2 protein chains.
Amino acid sequence: MDEYYTLRGYKIKNEEILSSSMEDYIEMIYRISINSDEVRVNDLSEALNVQPPSTTKMIKRLSNGGYVYYEKYGLIKLTDKGNDIGDYLLKRHKTIYEFLKIIGIENDLLEQTEKLEHAINENTLNRIKGLTDFLNNCSEYGKYIT
Amino acid sequence: MDEYYTLRGYKIKNEEILSSSMEDYIEMIYRISINSDEVRVNDLSEALNVQPPSTTKMIKRLSNGGYVYYEKYGLIKLTDKGNDIGDYLLKRHKTIYEFLKIIGIENDLLEQTEKLEHAINENTLNRIKGLTDFLNNCSEYGKYIT
DNA sequence: TAAGAATGTTAGCTATGGCTAAAATTATCA
DNA sequence: TGATAATTTTAGCCATAGCTAACATTCTTA
């Protein structure tokens, strides 16, 4: 029998550890970390278009979960665990971005990527990666898309 | 400049009228309505794996928004507006389901559909529909996927 | 038709994840 | 070095969307 749930229902059902927001923060910390090893509350707030108190709160959660090191007024640094996740999240982001791009999304490319990425599990991600590769090398598709 | 937001940020930014949950409820009312014209709080609760008080609360919101007709202890009925949306949501669901199926998702097909559908806007949906059609008629893909 | 079962509602709790205003800390620079 | 500016935190608010427990209504059936 088909088993439907609300979106929230799926999250609870799967004991999903990371919420979409947590993912957004970790991915962004990881992104910023690439170019500088100083990640601050303010940087993150600006990058995510969020007010600093929201960031403070989230950093506490991430710190409790063992995703970041953080001490009051200090620098934010991903733990090994956090770093692995960040790496995965950024790759996921890029995979979806490339996929959406090749199927012709232009205007809302980033927004659609940001929304979709949280919904896609590892298996689906791999399928999408494979599909993107296929499309990139498919002459019929080349004709179809132009 | 790239403008990132948290997922919640995008929702607020776009003044998105329908939350994911609201969409889930409307889609399910629409679904149930196809086979019977008696949609009750309990049916909906069971179908969505949610407790009846949650449904009562949501039905009130949907009623206030003009998506359903409802009177205490009565039947739930979509308004014309609700019906149009339900129709769109069900089509969106099916489109994504077919897409995920053709790219080889099996185990989490329904769950991934349910998660993805809320993230996809009309333009992306059309692209995905087009892509699915293409894949269905693409001999190279037939070879690739087997 | 009256009792019990089924269904639905209300009240009030939870967590997430935003926000503002105000307080605290840290950094800068004259 | 001490005043001011910038950054960060705390406190407390909001809405969404679940939940349980208790109450109300409606339905069924003996």
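Every value quoted in this text rests on a predicted model; they were computed, and no experiment measured them. Just so we're on the same page: letters track the sequence lines, and every chain starts at 1.
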Original post:
Can you find an N or O donor on one side and an acceptor on the other, under 3.5 Å apart, linking the side chain of Lys72(B) with the base of dG8(C)?
Top reply: no
**OP:** Find the distance Glu23(B):CD to dT16(D):P and express it as a whole number of Å.
**Re:** 15 Å
Original post:
Pick the nucleotide of DNA chain C nearest each of Glu71(B) and Val50(A); which residue has the one closer to the 5' end?
Top reply: Glu71(B)
**OP:** Starting from P on dC13(D), measure out to NZ on Lys57(A) and report it in whole angstrom.
**Re:** 12 Å
**OP:** Return no unless some side-chain N or O of Thr56(A) is found under 4.0 Å from OP1 or OP2 of dT9(D).
**Re:** yes
Subject >> Side chains of Asn121(B) and Asp108(A), donor plus acceptor under 3.5 Å >> reply: yes
**OP:** Among the candidates dT9(C), dT9(D), dG18(C), find the nucleotide nearest to the side-chain atoms of Tyr73(A).
**Re:** dT9(D)
Subject >> Separation of dG18(D) C1' from Met22(B) CE (nearest whole Å) >> reply: 16 Å
**OP:** Using a cut-off of 6.0 Å, state whether more than 12 heavy atoms not belonging to Lys81(B) lie near its atom NZ.
**Re:** yes
**OP:** Answer yes or no: does a side-chain N or O of Asn42(B) lie under 4.0 Å from OP1 or OP2 of dG8(C)?
**Re:** yes
Original post:
Is a side-chain donor or acceptor of Arg40(B) paired with a backbone partner of Tyr73(B) at a separation under 3.5 angstrom?
Top reply: yes
Original post:
Atom CG of Asn49(B) and atom CG of Leu44(B): how far apart are they, to the nearest 0.5 Å?
Top reply: 11.5 Å
Original post:
Atom CG of Asn64(B) to atom C1' of dA15(D): distance rounded to whole Å?
Top reply: 14 Å
Subject >> Closest to side chain of Pro53(B), choosing from dG8(C), dT10(C), dG18(D) >> reply: dT10(C)
Original post:
Once you round it to whole Å, what is the distance between C1' of dT10(D) and NZ of Lys60(A)?
Top reply: 7 Å
Subject >> Residue Tyr25(A), side-chain atoms from C-beta onward, closest of dG18(D), dG18(C), dT9(C) >> reply: dG18(C)
Original post:
Within the structure, does a side-chain N or O atom of Arg40(B) lie under 4.0 Å from either OP1 or OP2 of dG8(C)?
Top reply: yes
Subject >> Which nucleotide in dT8(D), dG8(C), dG18(D) has an atom nearest any side-chain atom of Tyr70(A) >> reply: dT8(D)
Subject >> Ser19(A) vs dT16(C): side-chain N/O to OP1/OP2 distance below 4.0 Å >> reply: no
Subject >> Whole angstrom value for the distance that separates C1' of dG8(C) from CE of Met58(B) >> reply: 17 Å
Original post:
Should Asp133(B) and Lys129(B) count as an ion pair when the cut-off is N to O under 4.0 Å?
Top reply: no
Original post:
What does Ser21(B) touch in the nucleic acid at a heavy-atom separation under 4.0 angstrom: a base, only the sugar-phosphate, or nothing?
Top reply: sugar-phosphate
Subject >> Separation of atom CD in Gln51(B) from atom P in dT14(C), rounded to whole Å >> reply: 18 Å
**OP:** Send over the distance from Ile59(B) CD1 to dG8(C) C1', rounded to a whole Å.
**Re:** 12 Å
Original post:
Among the nucleotides dT7(C), dT8(D), dT9(C), which one has an atom lying closest to any side-chain atom of Pro52(B)?
Top reply: dT9(C)
